[in-house]
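Note that ligands are numbered from 1 as they come in the structure, with each ligand's atoms numbered from 1 the same way. We number each residue from 1, following the sequence as shown.
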Amino acid sequence: MAANKKLLILPGDYVGPEVMDQVKRVIRWMESRRAVRFEVDERPFGGASCDAYGTPLSDETLAMAKAADAVLMGAVGGPKYNDLPRDLRPEAGLLRLRKEMDLFANLRPAVTFDALLEASTLKPEVVKGLDLLIVRELTSGIYFGQPRGIETMPGGGRRAVDTQAYTESEIRRVAEVAFELARTRRNKLLSVDKENVMATGVLWREVVTALHREKFSDVELEHMYADNCAMQLVRNPRQFDVIVTDNLFGDILSDCASMLTGSLGMLPSASLGAPDATGRRLAVYEPVHGSAPDIAGKNMANPLAAVLSFSMLLRYSFGLADEASLIEKATQSILNGGVRTADIMSAGMAKVSTNVMVDVLLKELDKSAA
Ligand code: NAD
């Protein structure tokens, strides 16, 4: 029996708790059928924490998140909280959590499910079998660089400034995560920059190249300009395995890549911090989607993005790749079998609710583990 893994669940608001309730059923299945045990805690977060404690992230929750082996989050925010002051809004809690945990590497997989190929706007032959992972630097770059702001110029008229800045160590640590992930996949890394026109791009490329030579020469490394990468993502996305890039390009390219797969309700993500002396990394896993207030309380939300976030957690934080694969394969099978929540519904398929989707998933897991 593997040692207990400490898992903190932050359900959040609106559909957040609905999809997290379903993930808890998958967790219980794992404990009853596989040799794994989790020590699960749960805390209000975002709007739910504002209601309970008057703050979107309490100090106690933050301390528990830092002490956990991994955090699994639902989604935060929604109309009930929109009139709060900006620093008390649920989204401020999320930003603070990421900052305090120094989660600098954001992992966004883009994987197509054969049964959902029609959901993509691209031709099936372009996206069939797609399995790529974008690693985006999350805590530096142009969204954080100083100076920034809007100023009035002496002669009148205003001027806006944002600053793109990266240190060598910021580039190195995110590239290191990406090289390591490439080694667990198809061993290919693409580093994306604008070395032709940006000083940060020149440094980015130098640092990634040096790190490759020093520690990761077994990984196949290529470089590409961000504009070309955007084109290649829609022209021939299957050429890619792992892509590493800065905060700004990663923001744009990861959204573009995720749309290749067609549905927000299917997309998981992870944000990782630096490893400590024992190799343990702080980590938060969450679906890409928000709190979907328009469908909350209707048992309509697709729980699979949250379930697949849990499978990423098993793989990347708990080293349970077999258990993660079980979930991913069962997801493929049930979609092939024709069950769909409303967001991925198409003609001839069986429309199911949030909890029935997971009923079917658990039956499939039972079959695969039998
Ligand atoms: P959203 O992702 O919540 O919803 C966009 C659309 O996708 C909606 O039509 C929604 O019904 C649908 N959708 C989302 N998740 C779904 C699911 N699991 N199954 C089926 N359909 C799904 O984005 P939004 O409407 O722009 O934002 C709503 C709230 O969520 C806002 O308060 C926003 O700030 C917050 N938000 C939170 C996060 C987060 O917690 N990480 C991320 C994005 C947005």
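- Side-chain N or O atoms of Asp241 include one that pairs as donor or acceptor with a backbone N or O of Arg186 at under 3.5 Å.
- The nearest heavy-atom contact from the protein to atom 16 (C) of ligand 1 is His289 CG, 4.0 Å.
- By the 4.0 Å N-to-carboxylate-O rule, Arg96 lies close enough to Asp59 to be salt-bridged with it.
- For Arg33 and Asp366, the salt-bridge test passes: some basic side-chain N is under 4.0 Å from an acidic carboxylate O.
- Atoms of ligand 1 found under 4.0 Å from any heavy atom of Ala301 (numbered from 1 in listed order, with element): 19 (N).
- Using the six-membered ring where Trp is involved, Phe179 and His212 have ring planes that are parallel, under 30° apart on the 30 and 60° scheme.
- Considering only non-hydrogen atoms, atom 28 (C) of ligand 1 lies nearest to Pro293 out of Ala305, Ala306, Pro293.
- Between Met73 and ligand 1, a contact under 3.5 Å exists for no N or O pair.
- Interface atoms of ligand 1 facing Gly77, defined by a heavy-atom separation under 4.0 Å, are 32 (O).
- One N or O on the side chain of Arg340 and one on the backbone of Leu335 form a donor-acceptor pair closer than 3.5 Å.
- Residue contacts with ligand 1, taken as heavy atom pairs separated by less than 4.0 Å, involve Glu286 solely via side-chain atoms from C-beta onward.
- At a 3.5 angstrom cut-off on N or O pairs, Glu91 counts as close to ligand 1.
- With hydrogens left out, the protein atom closest to atom 38 (C) of ligand 1 is Gly290 CA, 3.6 Å, a heavy atom.
- In this structure, Asn247 contributes its side chain and Ser140 its backbone to a donor-acceptor pair below 3.5 Å.
- Using cut-offs of 30° and 60° for the angle between ring planes, the Phe318 and Phe38 rings count as parallel.
- With distances taken over non-hydrogen atoms, the option nearest atom 40 (O) of ligand 1 out of Val76, Leu304, Val19 is Val76.
- Remark: the backbone N or O of Ile142 is paired with a side-chain donor or acceptor of Gln164 at under 3.5 angstrom.
- For atom 3 (O) of ligand 1, the nearest non-hydrogen atom of the protein is Ala292 N, 2.8 Å.
- Ligand-side atoms of ligand 1 in range of Ala75: 40 (O), range being under 4.0 angstrom from any heavy atom.
- Between Arg98 and ligand 1, a contact under 3.5 Å exists for no N or O pair.
- For atom 32 (O) of ligand 1, the closest non-hydrogen atom on the protein side is Gly78 N, 3.0 Å.
- Counting heavy atoms only, Asp294 comes closest to atom 11 (O) of ligand 1 of the residues Asp343, Ile344, Asp294.
- The main-chain N or O of Tyr143 is found under 3.5 Å from a side-chain atom of Arg148 such that the two form a donor-acceptor pair.
- The shortest contact between atom 29 (C) of ligand 1 and any protein heavy atom is with Ser291 OG, 3.3 Å.
- Nearest to atom 22 (C) of ligand 1 by heavy atom, out of Ile295, Asn302, Thr354, Leu264, is Ile295.
- For the atom pair CD (Glu91) and OH (Tyr81), the distance works out to 11.0 Å, reported to the nearest 0.5 Å.
- Not a single protein heavy atom sits closer than 4.0 Å to atom 26 (O) of ligand 1.
- Those atoms of ligand 1 with a heavy atom of Leu94 less than 4.0 angstrom away are 39 (C), 40 (O), 41 (N).
- Between Arg37 and Glu31, none of the side-chain N atoms (NZ, or NE/NH1/NH2) sits under 4.0 Å from a carboxylate O, so this pair counts as no salt bridge.
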